[in-house]
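Since the structure comes first, as structure tokens, the remarks are kept for the end.
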Amino acid sequence: MQNLVILGGGYGGMKILNELLPNHLPEDVTITLVDRVPYHCLKTEYYALAAGTISDKEVRVTFPEHQSLQVKYGEVTSIDTKEQKVILKDDAPISYDDLVIGLGCEDNYHDVPGAAEYTYSIQSIEKARHTYSVLNNLGPGAVVGIVGAGLSGVELASELSESREDLTIKLFDRGKHILSSFPERLSKYVENWFVRNNVEIINQSNITKVDEKRIYNHDEPIDCDVIVWTAGIQANHIVRQMDGEKDRSGRLVVTPHHHLPNDEHVFIVGDCASLPYAPSAQLAEGQAEQIVEVLRKRWNGEALPETFPPIKLKGVLGSLGKKQGFGLMADHAITGRVARLLKSGILWLYKYHNG
Ligand SMILES: Cc1cc2nc3c(=O)[nH]c(=O)nc-3n(C[C@H](O)[C@H](O)[C@H](O)COP(=O)(O)OP(=O)(O)OC[C@H]3O[C@@H](n4cnc5c(N)ncnc54)[C@H](O)[C@@H]3O)c2cc1C
């Protein structure tokens, strides 16, 4: 028997399971999935979990059941590619024949002093729950600072402002306009939404230091009761510790077949892989499909294509509370209710197909 070990049951890991289990798994291959959480988590909804507008149960999806799948609940602490073993905390190592690393990402604090110690996060389910608890225990009129106005910072600020109108929310962003990777028209639409909903945007900010309940913008102190960091991500620390070429965000460089250049048995999927696109759940899923193709062809003794076609990304959709949204679909900007309905519809479909 050969053992395919998948580290992380996120969007990448889950897609590989859903593609392989019903159709493409040879009888002599077993799969071991390792995750520190005993269910698939819908990370794209962590902003709503933290804001307190959805329940914990709504971001959980059960892992599939199959006679060839073993789900191992545990914390990966390192990977020994020479011995082909995954090392777990308080548990025996797991040997693999093929390995897929899909451990996701962590906050990148860009060496800002105090940011790691004094800010809250929405990058893991445990941290999003903790952030939920501090945000929702705040008294009336408390000040919340959110650092970073990319997609997740914007979604958190808008969701929180809608659910807690009594809070003062300050959204700090480096750029001249928020959502710097989106067309200016969309950024302005979202900025106007924030103006109408009393969220203060502090453009061209430069957070130089964070203390307990205090943020320094261009060295000027601003008191906040809670500070949430959404100003950048990097690959999971397990991946950052591995040997091999990495990009500026600690993601491992992979071949066109998505494995390490010096080890064709170690694949990297999702936020841990260095790819020429912004990391996203969609990208992780697209990459997972191509990894399945490689595995399947190898198991069947078929030749591999030299490269795969570029991964098709349908676009990005963001929410502004429960009623409004914005997005780019096939390079077309969309705003308002339609964008929000589309986002909800995509989430519903995802849960329907995976639940
Ligand atoms: C608020 C927010 C909104 C977003 N919105 C969108 C969106 O609208 N569209 C979009 O495409 N993308 C969106 N993203 C990005 C998207 O969530 C990620 O790109 C995606 O989750 C990456 O998938 P992945 O499989 O690489 O990792 P993940 O989905 O993060 O899964 C990683 C898995 O690894 C497990 N894990 C991590 N470390 C360990 C360990 N040491 N031991 C054991 N298990 C471990 C985790 O428990 C988790 O299950 C959003 C992200 C955030 C934070």
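We use all heavy atoms of the structure for the numbers below, so side chains are in, but hydrogens, waters and symmetry mates are not. We count ligands from 1, going down the list as the structure has it; atoms in each ligand are counted the same way.
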Geometric N/O contact [X] with ligand 1, under 3.5 angstrom:
X      : result
Gln282 : yes
Tyr46  : no
Tyr47  : no
Val34  : no

Open item on the list: When you measure from the heavy atoms of Gly102 to every atom of ligand 1, does any distance fall below 4.0 Å?
Closed with: yes
Open item on the list: For Gly74, state whether at least one heavy atom is located under 4.0 Å from any atom of ligand 1.
Closed with: yes
Pick one of side chain, backbone, both or neither for how [X] approaches ligand 1, counting any non-hydrogen atom pair under 4.0 Å.
X      : value
Leu283 : neither
Glu45  : neither
Leu151 : side chain
His40  : neither

TODO: Check the angle between the aromatic planes of His130 and Tyr120 and answer parallel, tilted or perpendicular using the 30° and 60° thresholds.
DONE: tilted
Task: Subset of ligand 1 atoms that lie under 4.0 Å from at least one heavy atom of Glu75 - done: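 So the atoms of ligand 1 that pass are 40 (C), 41 (N), 42 (N).
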- [ ] Ignoring hydrogens, just give me the one of Ile101, Ile16, Leu103 whose non-hydrogen atom is nearest atom 37 (C) of ligand 1.
- [x]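 Considering heavy atoms of Ile101, Ile16, Leu103, the nearest to atom 37 (C) of ligand 1 sits in Leu103.
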Task: Ion pair check, Glu155 and Lys343, cut-off under 4.0 Å - done: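 Looking at Glu155 and Lys343, the cut-off is met.
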Open item on the list: Taking side-chain hydrogen bond (donor to acceptor under 3.5 Å, both in side chains) as the definition, give me every residue that meets it alongside Lys323, ordered by chain and number, with sequence neighbours left out.
Closed with: none
Task: Residues forming a side-chain hydrogen bond (donor to acceptor under 3.5 Å, both in side chains) with Ser181, sequence neighbours excluded - done: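 Partners of Ser181 by the side-chain hydrogen bond (donor to acceptor under 3.5 Å, both in side chains) criterion come out as none, since no residue qualifies.
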Task: Heavy-atom pair of closest approach, residues Gln287 and Ile268 - done: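 So the two residues come closest at NE2-O, 2.8 Å.
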